[in-house]
2 protein chains.
Amino acid sequence: MRETVVPQGAQAALRAIRLLKLFTSEVPELHLAELADMSGLNKTTTHRLLQALLSEELLDRNPANSAYRLGPGMMALGVQALSGNQLRVRARPLLKKLAEETGETATLEVPVDDTMLILDEVTSKHLLGASGNVGTRWPIHATSTGKALIAFEQNGPDRLRPPLLPLTSRTIIEHAALQQQLSDIRRRGFAETVDELEDGFSGVGAVVRGSMGEVLGALSICGPSSRLSDSRRAQLGAALCTAATRLQPRY
Amino acid sequence: MRETVVPQGAQAALRAIRLLKLFTSEVPELHLAELADMSGLNKTTTHRLLQALLSEELLDRNPANSAYRLGPGMMALGVQALSGNQLRVRARPLLKKLAEETGETATLEVPVDDTMLILDEVTSKHLLGASGNVGTRWPIHATSTGKALIAFEQNGPDRLRPPLLPLTSRTIIEHAALQQQLSDIRRRGFAETVDELEDGFSGVGAVVRGSMGEVLGALSICGPSSRLSDSRRAQLGAALCTAATRLQPRY
DNA sequence: AAATAATATTTCATAATATGGAATCACAAT
DNA sequence: ATTGTGATTCCATATTATGAAATATTATTT
């Protein structure tokens with residue numbers, strides 16, 4: 001569970017971690033000056049932390065342009081984190097079943113900071129080439145999984161980072177409107193997005209819990225808004241809640 | 001490229017990173033006392049660093065037993081590192097071709113500390129269920145890819161961590177014997193292992209270079225020792241070097 | 001080729017932080 | 001209730017991290 005209190009006594013470690021987080025799929029390579037600027041750290045401090053990350057191979061340098069990028073040590077840890085995630089393994093059959101039964105795309109996602117990371121995705125037959133989103137991250141406030149997560153996770157709303165980015169004209173970025181939605185989500189048991197992430201794209205999302213009831217991540221079913229009417233989304237939401245319940249370990 | 005000099009002025013960051021590296025596929029969950037013992041750090045220091053890693057979601061806690069484990073932040077970074085790795089994408093068609101033409105298993109691997117991490121693997125038709133090694137790590141001295149890597153990478157031998165672990169009776173763990181092999185490998189252009197990682201399992205490995213000639217990782221073809229005779233291995237080695245050369249970007 | 005600009009790396013005094021022993025808290029087992 | 005085990009917090013100070021400035025390296029311009 002995400003801690004909202006910043007720990008004391010490990011500032012250097014936190015700074016190093018935050019440098020790592022500056023590398024994204026969109027911006028995979030960065031130079032020292034860029035990193036110092038983006039992190040707000042003094043150039044020397046930045047350089048020194050980068051050297052530490054290099055020495056442990058969490059970062060690597062592209063010899064062609066000397067830019068820093070995530071390295072093999074990061075790959076190893078990432079793969080380990082993924083393979084240690086039991087949820088992903090157990091969810092796969094359910095995702096397939098959901099996709100087949102609904103004819104839409106089903107995903108499993110986990111929260112990372114103020115985003116949702118797609119851990120697994122099974123595409124429907126309708127959208128060819130719609131696959132390939134595994135590993136991508138999307139703003140938490142604009143996804144059905146994200147909204148479900150915020151609604152049900154303890155301190156969930158603390159993940160939001162105002163000002164919220166409007167991705168479409170329908171994206172909900174007002175605090176009050178979102179809070180209202182969270183109440184609805186809690187009552188209903190699942191969340192919805194309609195043209196909020198992308199025009200013409202809608203989805204429903206429901207949280208998945210662990211054995212102690214803690215929120216682990218979320219499942220979604222999504223597709224073109226033209227196919228996801230109000231009544232259809234209600235149907236899908238119910239199916240999703242059933243699936244999510246089946247995923248929860250029992251004791 | 002791995003730095004052999006330990007950076008000054010980032011001790012706390014390094015300590016945090018080394019805590020992360022204690023989590024493996026074999027031991028995915030650990031408690032505070034175990035981590036303190038394994039890292040040699042004072043328990044308080046360990047605890048504080050763990051709190052930092054938790055707050056950034058690189059670690060997570062299993063509520064069922066309070067054990068620490070790698071978290072979603074780690075998954076996100078790992079996925080980003082993998083998707084940013086152009087080599088993996090470009091190597092895939094070649095791996096398929098190699099596996100088809102040889103009837104054996106082909107892998108792409110990168111070095112992480114004193115191990116080789118399998119980034120991609122295409123299995124032959126002979127061994128059913130031999131797939132699934134992606135993300136696994138193997139001792140660098142006992143794999144053909146690892147030996148090729150050590151032979152050709154600048155400061156490659158610095159990766160070795162004596163005492164070397166004997167995995168089979170044939171594993172080469174003597175420094176002098178290994179150095180002799182490195183000379184042979186450099187002359188030949190590829191490396192071989194015969195029953196060194198596992199009894200009845202052999203392979204050949206050749207390094208892959210980047211645009212500036214730097215060593216990025218290695219390709220291997222491997223299978224049952226009964227099929228990989230001396231002459232066969234020479235053949236495979238030659239094919240591998242050709243493939244590796246094709247993978248290198250040109251300018 | 002030389003000069004200039006941009007970027008990266010190193011130095012060093014000291015302010016700030018990280019450290020760890022000890023105390024306290026929380027939980028499980030008896 | 002007591003005991004044992006593991007986790008968390010407190011606080012004085014030793015140690016480290018910090019950052020301004022200097023230096024080195026590389027790229028770009030003239």
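Every chain is numbered from 1 and lettered A, B, ... according to where its sequence line falls, protein lines coming before strand lines.
- With B:Lys21 contributing its side chain and A:Glu56 its backbone, the two residues share a donor-acceptor pair below 3.5 Å.
- In the 5' to 3' direction, nucleotides of DNA chain C lying under 4.0 Å from heavy atoms of chain A begin and end at C:dA8 to C:dA18.
- A:Thr115 is linked by a side-chain hydrogen bond (donor to acceptor under 3.5 Å, both in side chains) to A:Arg137, counting only residues two or more places apart in sequence or in another chain.
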Show me the protein contacts with nucleotides 9-15 of chain D, counting only N or O atoms at under 3.5 Å.
{"from": "D:dT9", "atom 1": "O4", "to": "B:Thr44", "atom 2": "OG1", "distance (Å)": "3.3"}

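- Checked against salt bridge (charged side-chain N to carboxylate O under 4.0 Å, His left out), B:Asp120 has the following partners two or more places apart in sequence or in another chain: B:Arg92.
- Remark: A:Ala10 engages A:Ala13, B:Arg48, B:Leu49, B:Ala52 in a side chain to side chain contact (heavy atoms under 4.5 Å, CB included) (not counting sequence neighbours).
- For residues 63-80 of chain A, the pairs satisfying salt bridge (charged side-chain N to carboxylate O under 4.0 Å, His left out) are A:Glu29-A:Arg69, A:Asp60-A:Arg69, with sequence neighbours left out.
- Residues passing the side chain to side chain contact (heavy atoms under 4.5 Å, CB included) test with B:Leu247 are B:Leu87, B:Arg90, B:Ala91, B:Leu94, B:Val208, B:Leu219, sequence neighbours excluded.
- Within the structure, salt bridge (charged side-chain N to carboxylate O under 4.0 Å, His left out) pairs that include any residue of residues 71-86 of chain B do not occur (at least two apart or interchain).
- A straight line from CG of B:Leu49 to P of D:dA7 spans 15 Å, rounded to a whole angstrom.
- At a non-hydrogen distance threshold of 4.0 Å, A:His31, A:Leu32, A:Ala33, A:Lys43 from residues 30-43 of chain A come into contact with DNA chain C.
- Position along DNA chain C of the nearest nucleotide to B:Arg15 versus A:Tyr68 favours A:Tyr68 as the more 5'-ward residue.
- With sequence neighbours excluded, the residues that form a side chain to side chain contact (heavy atoms under 4.5 Å, CB included) with B:Ser66 are B:Arg61.
- Shown here are the side-chain hydrogen bond (donor to acceptor under 3.5 Å, both in side chains) partners of B:Thr45, two or more places apart in sequence or in another chain: there are none.
- The separation between B:Arg61 atom CZ and D:dA7 atom P is 7 Å, rounded to whole Å.
- The side-chain hydrogen bond (donor to acceptor under 3.5 Å, both in side chains) test applied to A:Glu198 returns no partner, not counting sequence neighbours.
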